[in-house]
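Here is how names work: the chains are called A, B, and so on, in the same order as the sequence lines, proteins then strands, and each is numbered from 1. For clarity, every value in this text was computed on a predicted model and none was experimentally measured. Atoms considered below: every heavy atom in the structure, side chains included; atoms not considered: hydrogens, waters and symmetry mates.
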Amino acid sequence: MKLIDFNNKAYEYNKLEKEVLDFWDKNKFFEPEYKDERDETFTIILPPPNANSPLHLGTMSGNTIQDILGRYNRMNGKKVLLLPGKDHAAIQTEVVFEKVLQKRGIRKRDLKREEFYNLCYEFCMENAKIAREQEKNIGLSADYSREKFTLDENITKIVYETFKKMFEEDGLVYRGKRIINWCVRCQTALSDIDTEYQEEDSKLYYIKYGELTVATTRPETKMADVALAVNPKDKRYRHLIGKVIDIDSIEGKRSLPVLGDSSVDINFGTGVLKVTPGHSKEDFRLGEKYNLPIIMVIDTNGKMTFEKYKGMKVKEAREKVVEDLDKMGLLEKVSDIKHNIQVCERCKSVIEPLVSYQWFVKTKELARSLIDEGEKGNPKIYPKRQEKNYLRFLENIEDWCISRQQWWGQRIPAYYCGGKITKINESGDITEEILGCGNIFVSIDKPKECPRCKSKKIVQDEDIFDTWFSSTQWPFSSLGGINGKDFKEFYPTNVMETGRDILFFWVARMGIMGLYVTEKIPFKTVYLHGLVLDKDGKKQSKSRGNGIDPKDMIDKYGRDALRLSLVSSVAPDQDFRLFEEKIKGYRNFINKVYNSSRLIFMMLEKNKNSLPSIKNSYGAYSTKTSINISREMTDHVKKINRLFKNYEIGLVAFELQNFYHHIFCDIYLEAIKPHQDDPKALGEILYVFYQNILLLHPFIPFITEHIFQDLKRLGYIDTENETMDYEIYPKL
RNA sequence: GGGUUCGUAGCUCAGUUGGUUAGAGCACAACAUUGACAUUGUUGAGGUCACUGGUUCGAAUCCUGUCGAACCCACCA
């Protein structure tokens, strides 16, 4: 690294930042072993970004916050590990990559599973490379020698081991018949997070059920009804609860029991609900509660299985059913209704709730001990108010469907002796039969035979794991699992910094899986950040065209400026607006840092020969000026450390800038200028300046590293450290 | 339906456990400058702290209610 050329009046960030970047890249400063003698560790497992696209600003903002915490702790004598990784993001990537293939004129169904997997793997590796460059480019001081990908062999092995232990030892995983969100187009089960709601105009049909009338938007599922339900508080129907009523229907005469359940909304429609456990989530729950049978009339292609409408698509069947009901005199009336329909987040197809055989984790039992810990404040969550949400989620947690009918991901290591057959019988009941000796077993390596009957005819489950099943094990799998060397040294981690939108899906379940596998909660502190919005408060996205290109901003304003813009005025869990003028403002601040350094270096150089005592007076506040810099510094340093303790990163950034610009430069430097030929004053300037540069370093490490290198080279500071990250942060 | 957050200058936001005259940046106006920095400095204008009622010696801050904005969870039969 060359000395800063102080002939330039403006800071040449691009050139100078690149020098720093190269310097860091060539050395191993960010590997914890660099200072192996340090005892106390500080670990952050960085949330692995999806390997299907370059990083967006939200991820970069998170990276910057984590880097600031990493550097701050490094400067506080800790052995710091920031562990980077990339996530395969199962279904999301699969859909993205399908579109990429489409552009190349290839259809997924024309490829073999393995071919698809390999092409997708290549695609992800390319994107991971871009993301890695971006991370380094904003100065993320992570240890890339330890970087992981969620589909790395050793990671998958740990995920498989967990699954085996859950299934075979503890019975916490089961294969069950439950209702799931089914995407007809993607042909897969989806978790709630993979779906969203869209408002749609539709019809509400009032249909006669014997003496009662039911209002429904889904008449085509009526052949799968197994009961009716009313609210016990509803005076109109209270007398019918517990009775069985006879009805006429398309499928003939039937008898349906009438249930009383408080979940029924008295004010919706007629206040009578038809219970269809095969095709509605709420009804499935009622079915479980009252032990009702399950009937299905729609298959995984979104087509009817009921004989009369066999093969028809749902919408088509709906019209036909309504027509038939009308003919039978069972249709009372039709009204318009706006309602939200659940659609696949990726392809926007309508979700068909249906019952199928899937793998589930019994999360309720596992959540119990995490709730106990949570009530004791473990982990500590910033902002604190999210603790309530976190606990409530855990208390209401449902069994977790972890199987997906996709190709991109970790294939479930479950095997069926002789294979299996799933079918829906005449009465619409779904059944599954395991062939061979009926054994289902889990094996981490590819098995040669059934361990029970020794049959060689064994078939692996076609499904893959939900991406969250692997990512919730990331805090320990990325450290090599419970027997890993890194695990022993760095687990549990100190901080989990992530978007507040995945508190439930990721953070809470990481707690569950971590506690189950390692008997420890994987992190001591959770820090949740908000979303990055544009100037008008809208979410930044490519499709809106309001997204800021990080590379563009780096070229225009530099890395340090971008970093500041990503963390300044950021409060935990609070969305913040980012726009170009803001970044420009931070560029001006960086320039201020540069020019004040230029002034100080000039003053020092000018008096170089008359400064034998500089190191003696170093650290002393000796000059009388209009400002009491000693007290100002004391207060400032106290404040900064206090804010750091409370993870008020945005406020720290703000205070640092404010102090440096308006106290240090505008007042102090101006006041001390007249004394600049006094060696004692110069010692003081140097000391105050360096303290400030140290304080700023975690936030704007490029320019401060450069200044540090120059101060060291010119002999103004006395240090053995090769990089500023190992200097000691000002404390009182 | 349940929950959370927010509403402070034209804009973006600070404002610690209640305490003088409510702050900063941007934008605006005037002035300065060849001595670190026009990517600068000084000064100025600009606020009924959404509204209402209350607690208090004292409220932007605490409490009640209203209005407005955003978000999360559940549900949408």
Side-chain angles (χ1 to χ4, degrees), chain A residues 6-11 13 192 197 199-200 202 204-205 207 214-219 221-222 225 228-230 261 263-265 267-276 279-283 285-286 337-342 353 383 385-386 388-390 392-393 396 398 500-504 530-531 533-539 557-558 561 565 568-603 639 642-643 646 648 650-651 653-655 657-658 661-662 665-667 669-670 673 676:
Chain A
F6 281 121
N7 289 320
N8 286 318
K9 288 190 172 186
Y11 180 53
Y13 35 82
D192 287 340
Y197 288 90
E199 196 179 64
E200 214 182 62
S202 59
L204 189 61
Y205 304 92
I207 301 165
V214 170
T216 180
T217 53
R218 301 210 59 188
T221 62
K222 94 180 291 292
D225 294 343
L228 295 170
V230 298
D261 195 276
S263 69
V264 179
D265 184 350
N267 299 315
F268 186 89
T270 59
V272 184
L273 170 72
K274 72 186 193 67
V275 183
T276 321
H279 295 293
S280 152
K281 272 190 258 179
E282 189 52 31
D283 294 6
R285 248 166 254 152
L286 283 173
I337 186 178
K338 264 196 200 306
H339 81 150
N340 290 326
I341 50 163
Q342 200 178 9
R385 68 187 124 80
Q386 287 285 12
K388 249 191 294 175
N389 286 338
Y390 167 82
R392 202 174 36 205
F393 171 79
N396 299 323
E398 295 287 332
R500 62 130 196 273
D501 48 333
I502 50 175
L503 173 64
F504 304 138
L531 301 169
L533 307 174
D534 72 1
K535 195 171 183 170
D536 304 316
K538 299 241 164 59
K539 204 170 164 177
Y557 305 112
S565 74
S568 233
S569 74
V570 170
D573 193 28
Q574 201 77 30
D575 295 348
F576 73 101
R577 301 179 184 200
L578 181 66
F579 40 93
E580 190 166 343
E581 293 92 310
K582 231 179 192 174
I583 306 174
K584 194 171 161 187
Y586 295 116
R587 186 269 319 262
N588 293 356
F589 173 70
I590 300 298
N591 191 61
K592 189 79 183 174
V593 174
Y594 168 78
N595 267 299
S596 51
S597 313
R598 188 156 88 102
L599 170 68
I600 290 162
F601 274 98
M602 282 160 85
M603 295 193 299
K639 189 168 187 178
R642 178 170 56 81
L643 291 172
N646 295 324
E648 300 270 18
L651 284 181
F654 176 80
E655 286 299 330
Q657 282 172 84
N658 191 53
H661 198 151
H662 302 296
C665 290
D666 291 351
I667 302 177
L669 274 185
E670 290 304 327
K673 255 184 199 171
Q676 61 177 281

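For Asn389(A), whose side chain is taken as the heavy atoms from C-beta onward, the closest listed nucleotide among C75(B), G25(B), G3(B) is G3(B). Listed candidates were C76(B), C37(B), A14(B). Nearest to the side chain of Phe654(A) is A14(B). Distances from the side chain of Arg577(A) to the nucleotides A77(B), U12(B), C37(B) place U12(B) closest. Closest to the Val264(A) side chain, of the nucleotides U39(B), A36(B), A77(B), is A77(B).
Residue Gln386(A) is out of contact with every strand shown, counting any heavy-atom pair closer than 4.0 Å. Heavy atoms of Arg598(A) sit under 4.0 angstrom from primed sugar atoms or phosphate atoms, though from no base atom.
The phosphate of U40(B) (OP1 or OP2) has a side-chain N or O of Asn588(A) nearer than 4.0 angstrom. Phosphate contact (OP1/OP2 of U12(B), side-chain N/O of Lys582(A), threshold under 4.0 Å): absent. The side chain of Thr217(A) places an N or O atom within less than 4.0 Å of a non-bridging phosphate oxygen (OP1 or OP2) of A77(B). When the side-chain nitrogen and oxygen atoms of Arg285(A) are compared with OP1 and OP2 of C75(B), one or more of them lie within a distance under 4.0 Å. OP1 or OP2 of G41(B) has at least one side-chain nitrogen or oxygen of Lys592(A) nearer than 4.0 Å. In this structure, His661(A) reaches the G41(B) phosphate: one of its side-chain N or O atoms is under 4.0 Å from OP1 or OP2. For G25(B), one of the phosphate oxygens OP1 or OP2 lies less than 4.0 angstrom from a side-chain nitrogen or oxygen of His662(A). OP1 or OP2 of G3(B) has not a single side-chain nitrogen or oxygen of Lys388(A) nearer than 4.0 Å.
To the nearest whole angstrom, the two P atoms, one in G47(B) and one in U55(B), are 31 Å apart. Going from the C1' atom of U64(B) to that of C28(B) covers 41 Å, rounded to whole Å. Look at the P atom in both U12(B) and A50(B): the space between them is 15 Å, to the nearest Å. Separating the P atom of G7(B) from that of U61(B) is a span of 11 Å, rounded to the nearest Å. Only the P atoms considered, C31(B) is 34 Å distant from C49(B), to the nearest whole Å.
Of the two residues near RNA chain B, Lys673(A) and Lys584(A), the one whose nearest nucleotide lies more 5' is Lys584(A).
Across all strands shown, U4(B) forms a Watson-Crick or G-U wobble pair with A70(B), both key distances being under 3.5 Å. Remark: A29(B) base-pairs with U43(B). Criterion, Watson-Crick or G-U wobble with two distances under 3.5 Å. Across all strands shown, A77(B) forms no Watson-Crick or G-U wobble pair with both key distances under 3.5 Å.
Other residues, nucleotides and ligands contribute over 12 non-hydrogen atoms within 6.0 Å of the NZ atom of Lys281(A).
For the residue pair Glu580(A)/Tyr557(A), the side-chain donor-acceptor check at 3.5 Å is satisfied. There is no side-chain donor-acceptor pair under 3.5 Å between Ser568(A) and Lys582(A).
Glu282(A) and Arg285(A) are joined by a salt bridge, as a carboxylate oxygen and a charged side-chain nitrogen come within less than 4.0 angstrom of each other.
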